[in-house]
**Student:** 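One structure, pasted below without further comment.
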There are 2 protein chains.
Amino acid sequence: MHPSIINSEFNKTIAPWLGKTSKMLNMYILDVFNKNNIQLTKQQWVVLKILHEDTNGIIQNDLACITERNKASLTRLINVMEKNNLVTRIPFKADSRKNVIQITKKGDELFLKTKPLLLNSLDIIQCGITENEMKDLISILAKIQNNLKKHTI
Amino acid sequence: MHPSIINSEFNKTIAPWLGKTSKMLNMYILDVFNKNNIQLTKQQWVVLKILHEDTNGIIQNDLACITERNKASLTRLINVMEKNNLVTRIPFKADSRKNVIQITKKGDELFLKTKPLLLNSLDIIQCGITENEMKDLISILAKIQNNLKKHTI
DNA sequence: AAATAAAGGTTGCATATGCAACTATGTTAA
DNA sequence: TTAACATAGTTGCATATGCAACCTTTATTT
């Protein structure tokens, strides 16, 4: 074990653990997609998931908030996904500043195709972790998210 | 609560929780740095932390592994940090392909200055979480990291 | 009603980062 | 010993993303 891993006050905090695990998980998921010839980034997949569960579509700006990215970044993500026929931009009648983003049939089918693959891959990664541990983990992360929401303007 | 947050099998997995919490935490830390006029990115800070704890310096490629990034990305990160006099590249005598990366006096001072600030900020974010919960969280994340190491080539 | 402010979305700019190709140096095998 | 292979680091290219400036539309103020 590398000296930097031990004996550090920081390693008793969430910061290094969260960041590193998250980064490793992202690379793993990307790898799963690549190996199965699925032309999706993790970010695109997150958007598909959200839109799949909200069939009325979501205002572009709300989608930015939900996915925790700024509107510029979302604009470009949607540009790519619209070009690939995964989602559509629909002008919002009640307020012409807004766009509604909806999943397309192709997007929905791709999501449903990737779903079991991804759930299965996540199962592998969560091997050896009990249901209770998962519940605990999620409840702690939820607490941290709440704290972060309070302390970010 | 947004419909996509509930009723999804995925939300019983680590993936969405880890990714989102980690992203929020990154933004929070960046914000702390900005508000305190500290000219550091979170990535630079991680490198400073590792080098601070290893006064002999670390081979550039090893640093890439430890920080979970590829060598191209690390090359550029070190370029920036060397330009800012936070670290130095020293040719490794025993193998002239290698560089040893060492923290400079300025880098070390900056790290020591940010340390209490960051520990304090993390304390705020971990408010309401007991020591035992922290231990559990870290041990679960360590398990997940081990699983990920096994399943990534 | 007109003027000002706010909100949603897009674009330019800067930076970060992964992959693949490349160079230089070391190691291994024939 | 030389040829083939492996390793460390850099660079070009592609993509992702944040910030700030900007345009258009809506809301608020006077």
Side-chain angles (χ1 to χ4, degrees), chain A residues 19-20 22-35 39-47 57-84 87-101 152-153, chain B residues 19-20 22-35 39-47 57-84 87-101 152-153:
Chain A
K20 189 162 182 172
S22 173
K23 189 160 191 182
M24 289 172 75
L25 185 63
N26 283 347
M27 289 169 64
Y28 171 73
I29 291 176
L30 201 67
D31 204 45
V32 169
F33 283 162
N34 282 339
K35 280 189 181 143
Q39 297 303 320
L40 268 184
T41 65
K42 197 208 157 207
Q43 299 91 325
Q44 291 179 359
W45 182 85
V46 169
V47 171
I58 300 185
I59 300 295
Q60 189 169 321
N61 200 42
D62 294 348
L63 200 51
C65 295
I66 295 169
T67 56
E68 214 76 36
R69 46 161 38 77
N70 68 18
K71 46 188 188 163
S73 165
L74 190 78
T75 292
R76 283 152 183 151
L77 186 55
I78 296 300
N79 286 347
V80 174
M81 294 182 73
E82 198 174 32
K83 206 169 60 186
N84 295 342
V87 301
T88 2
R89 269 186 181 88
I90 299 167
F92 184 53
K93 287 168 193 167
D95 185 341
S96 51
R97 290 172 304 182
K98 301 181 183 179
N99 294 331
V100 177
I101 310 297
T152 311
I153 310 159
Chain B
K20 189 161 182 172
S22 173
K23 190 161 190 180
M24 290 172 76
L25 184 63
N26 282 347
M27 290 168 63
Y28 171 74
I29 291 176
L30 202 67
D31 205 45
V32 169
F33 283 162
N34 283 338
K35 280 187 181 143
Q39 297 303 321
L40 269 185
T41 65
K42 197 208 157 208
Q43 299 90 325
Q44 291 178 0
W45 182 85
V46 168
V47 170
I58 300 185
I59 300 294
Q60 188 167 322
N61 200 43
D62 294 347
L63 200 50
C65 295
I66 295 169
T67 56
E68 213 76 34
R69 48 163 32 79
N70 67 20
K71 47 188 188 162
S73 165
L74 189 79
T75 291
R76 282 150 183 150
L77 185 55
I78 297 299
N79 287 346
V80 174
M81 295 182 74
E82 198 173 32
K83 205 168 61 187
N84 297 341
V87 302
T88 2
R89 271 187 179 88
I90 299 167
F92 185 54
K93 288 167 192 168
D95 185 341
S96 51
R97 289 171 306 180
K98 301 182 183 179
N99 293 331
V100 177
I101 310 297
T152 311
I153 309 157

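We name chains A, B, ... by the order of the sequence lines, and we start the count at 1 in each one.
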**Student:** Taking only residues two or more places apart in sequence or in another chain, which ones pass side chain to side chain contact (heavy atoms under 4.5 Å, CB included) with B:Asp95?
**Tutor:** B:Phe92, B:Arg97, B:Lys98

**Student:** Tell me every residue that passes side chain to side chain contact (heavy atoms under 4.5 Å, CB included) with B:Asp62, counting only those two or more places apart in sequence or in another chain.
**Tutor:** B:Ile58, B:Ile59

**Student:** List for me each residue that meets side-chain hydrogen bond (donor to acceptor under 3.5 Å, both in side chains) alongside B:Asn26, sequence neighbours excluded, and say none if there are none.
**Tutor:** B:Lys42

**Student:** Taking for each residue the nucleotide of DNA chain D bearing the nearest heavy atom, is the 5' side occupied by A:Ala72 or by A:Gln44?
**Tutor:** A:Gln44

**Student:** Are any non-hydrogen side-chain atoms of A:Val87 and A:Ile78 less than 4.5 angstrom apart?
**Tutor:** yes

**Student:** Could you list all the salt bridge (charged side-chain N to carboxylate O under 4.0 Å, His left out) pairs where at least one residue sits in residues 63-82 of chain A, not counting sequence neighbours?
**Tutor:** A:Glu68-B:Lys20, A:Glu82-A:Arg89

**Student:** How about A:Val47 and A:Leu77: do any of their side-chain heavy atoms sit closer than 4.5 Å?
**Tutor:** yes

**Student:** Return the set of residues passing side-chain hydrogen bond (donor to acceptor under 3.5 Å, both in side chains) with B:Lys23 (not counting sequence neighbours), or none when no residue passes.
**Tutor:** none

**Student:** Report which part of the nucleic acid B:Arg76 touches: base, sugar-phosphate, or nothing (heavy-atom distance under 4.0 Å, all strands).
**Tutor:** base

**Student:** What residues, two or more places apart in sequence or in another chain, satisfy side-chain hydrogen bond (donor to acceptor under 3.5 Å, both in side chains) together with B:Asn99?
**Tutor:** B:Gln60

**Student:** For B:Thr41, enumerate each residue passing the side-chain hydrogen bond (donor to acceptor under 3.5 Å, both in side chains) test, keeping only those at least two apart in sequence or located in another chain.
**Tutor:** B:Gln43

**Student:** Along nucleotides 4-9 of chain D, 5' to 3', which nucleotides get a B, which get an S, and which get a -, given that the test is a protein heavy-atom distance under 4.0 Å?
**Tutor:** --BBBB

**Student:** Give the first and the last nucleotide of DNA chain C, reading 5' to 3', that has any atom under 4.0 Å from a heavy atom of chain A.
**Tutor:** C:dA6 to C:dG18

**Student:** Remember a base hit wins even if backbone is also touched, and classify B:Lys42 as base, sugar-phosphate or nothing at under 4.0 Å, heavy atoms.
**Tutor:** nothing

**Student:** Through what angle, rounded to 10 degrees, does the axis of the helix from C:dA1-D:dT30 to C:dA30-D:dT1 turn between its ends, using five pairs per end?
**Tutor:** 20°

**Student:** Want to settle it: does A:Lys93 or A:Glu68 sit nearer the 5' end of DNA chain D, counting the closest nucleotide to each?
**Tutor:** A:Glu68

**Student:** Taking side chain to side chain contact (heavy atoms under 4.5 Å, CB included) as the definition, give me every residue that meets it alongside B:Val46, ordered by chain and number, with sequence neighbours left out.
**Tutor:** B:Ile50, B:Thr67

